[in-house]
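Bear in mind that the values here come from a model prediction, so they are computed numbers and not experimental data. All ligand and atom numbering here is 1-based and tracks the order in the structure. The first residue of the sequence shown is numbered 1, and numbering continues consecutively from there.
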Amino acid sequence: MEDRKSMVPKLPTNENLTDLIKCYNFAAIKHKNQRRKDLEATPYINHPIGVANILTEEGGIYDLDVIKAAVLHDTVEDTDTTFEEIEENFGPKVRSIVAEVTDDKNLSKMERKKQQIEHAKRSSFEAKLVKLGDKLYNLRDLDCQTPVGWTEERVEEYFIWAKQVIDQMRGTNLALEAKLDELFSKHILE
Ligand SMILES: Nc1nc2c(ncn2[C@@H]2O[C@H](COP(=O)(O)OP(=O)(O)O)[C@@H](OP(=O)(O)OP(=O)(O)O)[C@H]2O)c(=O)[nH]1
């Protein structure tokens with residue numbers, strides 16, 4: 001598949017800048033009581049903002065719907081946000097990307113992990129970009145620090161599983177995939 005990194009940047013109009021800030025504000029309010037699992041208990045919002053930053057800075061992705069979906073990608077999975085709310089505020093395209101990257105929390109953890117691998121291949125191009133950014137962010141976190149309560153074995157299993165997800169999406173964004181591969185070769189012994 002062709003690398004579609006060279007998407008043409010759109011000029012920031014007042015309207016789309018306002019929309020983007022609204023999106024960051026929405027996610028910040030929704031995640032306001034959540035923390036990451038690191039020792040410093042970093043505010044959770046650092047994660048979705050960091051994922052959006054990876055997409056623009058490292059992936060060369062300027063599709064506003066993809067960036068908004070990245071900012072919102074954990075709101076339905078991890079807060080009281082509904083898909084209807086996402087659509088009302090940010091439109092059907094953003095809703096559908098967020099839906100594609102949202103795990104079904106009614107399933108067991110093992111089933112959810114299995115589904116991510118299965119869903120990855122048939123996801124839209126836009127959802128794959130969000131997934132690449134999400135995994136790159138989480139793996140970088142794991143590369144720097146073991147989350148509170150995790151064993152080394154759990155970290156290793158996460159790397160192996162994340163590679164299985166990413167392997168379903170090869171050819172989506174070569175720059176992000178190369179960075180993921182560096183982490184995989186550091187942590188997964190052949
Ligand atoms: N590496 C890391 N992850 C943290 C940290 N704090 C929270 N997380 C979140 O933990 C999830 C990964 O942990 P798991 O044990 O696989 O999943 P679980 O939350 O279902 O138990 C990721 O959620 P997710 O967004 O659903 O991602 P994914 O499981 O789909 O990759 C990640 O965003 C942290 O400090 N470091």
Asks: Please list the nearest protein heavy atom to atom 26 (O) of ligand 1 with its residue and the distance rounded to 0.1 Å.
Replies: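 The answer is Glu77 OE2, 3.0 Å.
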
Asks: Looking only at protein heavy atoms, which one is nearest to atom 28 (P) of ligand 1, and how far off is it?
Replies: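 Looking at atom 28 (P) of ligand 1, the protein heavy atom closest to it is Tyr158 OH, 3.4 Å.
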
Asks: Out of all atoms in ligand 1, which are within 4.0 Å of some heavy atom of Arg112? Include the element for each.
Replies: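 Matching atoms, with element in brackets: 20 (O).
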
Asks: Going from CD on Glu126 to CG on Asp63, what distance comes out if it is rounded to the nearest 0.5 angstrom?
Replies: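 Here the interatomic distance stands at 6.0 Å.
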
Asks: With a 4.0 Å cut-off on N to O distance, would you call Glu156 and Lys186 a salt bridge?
Replies: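 So Glu156 does not pair with Lys186 through a salt bridge.
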
Asks: List the closest protein heavy-atom neighbour of atom 33 (O) of ligand 1: residue, atom name, distance to the nearest 0.1 Å.
Replies: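 Ranked first by proximity to atom 33 (O) of ligand 1 is Arg36 NH1, 2.9 Å.
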
Asks: Indicate, as side chain, backbone, both or neither, the part of Asp74 found under 4.0 angstrom from ligand 1 when only non-hydrogen atoms are considered.
Replies: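 Looking at Asp74 and ligand 1, just side chain atoms fall under 4.0 Å.
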
Asks: For atom 27 (O) of ligand 1, which protein heavy atom lies nearest, and how many Å away is it?
Replies: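 Here the closest protein heavy atom is Asn138 ND2, 3.5 Å.
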
Asks: Considering non-hydrogen atoms of the protein only, which is the closest contact for atom 19 (O) of ligand 1, and what is the distance?
Replies: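 Checking every protein heavy atom, the shortest distance to atom 19 (O) of ligand 1 gives Lys37 NZ, 3.2 Å.
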
Asks: Fit a plane to each ring of Phe26 and Phe90, take the angle between them on a 0 to 90° scale, and name the class: parallel (under 30°), tilted (30 to 60°) or perpendicular (over 60°).
Replies: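 Correct class here is perpendicular.
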
Asks: Pull out every atom of ligand 1 sitting under 4.0 Å from any heavy atom of Pro147, numbered as shown with elements.
Replies: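 So the atoms of ligand 1 that pass are 36 (N).
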
Asks: To the nearest 0.5 Å, tell me how far Lys135 NZ sits from Lys131 NZ.
Replies: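 Here the interatomic distance stands at 4.0 Å.
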
Asks: Can you name the atoms of ligand 1, numbered from 1 with element, that are less than 4.0 Å from a heavy atom of Leu142?
Replies: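 Heavy-atom distances to Leu142 below 4.0 Å select 1 (N).
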
Asks: Return the closest protein heavy atom for atom 30 (O) of ligand 1 as residue, atom name and distance.
Replies: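 For this ligand atom, the closest protein heavy atom is Gln116 NE2, 2.7 Å.
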
Asks: What distance separates Thr102 OG1 from Glu77 CD, expressed to the nearest 0.5 Å?
Replies: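 Reported value, rounded in 0.5 Å steps: 6.0 Å.
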
Asks: Could you state the interatomic distance from CG (Leu39) to CD (Gln145), rounded to the nearest 0.5 Å?
Replies: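 It is 4.5 Å, given to the nearest 0.5 Å.
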
Asks: Going by the salt bridge (Lys or Arg N to Asp or Glu O under 4.0 Å) test, which pairs reach into residues 21-31, not counting sequence neighbours?
Replies: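 Checked against salt bridge (Lys or Arg N to Asp or Glu O under 4.0 Å) - neighbours excluded - the pairs reaching residues 21-31 are Lys30-Asp80, Lys30-Glu85.
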
Asks: May I ask you to decide if the ring planes of Phe159 and Phe184 are parallel, tilted or perpendicular, using 30° and 60° as cut-offs?
Replies: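 The rings of Phe159 and Phe184 stand perpendicular, inter-plane angle above 60°.
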
Asks: What do you reckon, is CD of Glu84 surrounded by more than 12 foreign heavy atoms closer than 6.0 Å?
Replies: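 Yes, because the 6.0 Å sphere around CD of Glu84 holds more than 12 heavy atoms from other groups.
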
Asks: How does His73 reach ligand 1, if at all, at less than 4.0 Å between non-hydrogen atoms: by side chain, backbone, both, or neither?
Replies: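 It is neither; nothing of His73 touches ligand 1.
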
Asks: Regarding Arg112 and Asp104, does a basic nitrogen lie under 4.0 Å from an acidic carboxylate oxygen?
Replies: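 Between Asp104 and Arg112 there is no salt bridge, as every charged N stays at least 4.0 Å from the carboxylate O atoms.
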
Asks: Where is the nearest protein heavy atom to atom 13 (O) of ligand 1: which residue, which atom, and how far?
Replies: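 Here the closest protein heavy atom is Trp150 CZ2, 3.2 Å.
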
Asks: For the atom pair CE (Met110) and NZ (Lys113), what is the distance rounded to the nearest 0.5 Å?
Replies: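 Nearest 0.5 Å value for the CE-NZ distance: 11.5 Å.
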
Asks: Closer than 4.0 Å to some heavy atom of Tyr44 - which atoms of ligand 1 meet that?
Replies: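 So the answer, numbered in order with elements, is 25 (O), 33 (O).
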
Asks: How does Trp161 reach ligand 1, if at all, at less than 4.0 Å between non-hydrogen atoms: by side chain, backbone, both, or neither?
Replies: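 Trp161 to ligand 1: side-chain contact only, backbone stays beyond 4.0 Å.
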
Asks: What's the shortest distance from atom 16 (O) of ligand 1 to any protein heavy atom, and which residue and atom give it?
Replies: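 Atom 16 (O) of ligand 1 sits closest to the protein heavy atom Lys113 NZ, 2.5 Å.
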
Asks: In this structure, does ligand 1 have an atom that sits under 4.0 Å from one of the heavy atoms of Arg154?
Replies: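 The answer is yes, since Arg154 has a heavy atom less than 4.0 Å from ligand 1.
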
Asks: For ligand 1, indicate whether the residue Asp141 contacts it via side chain, backbone, both or neither (heavy-atom separation under 4.0 Å).
Replies: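 Just the side chain.
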
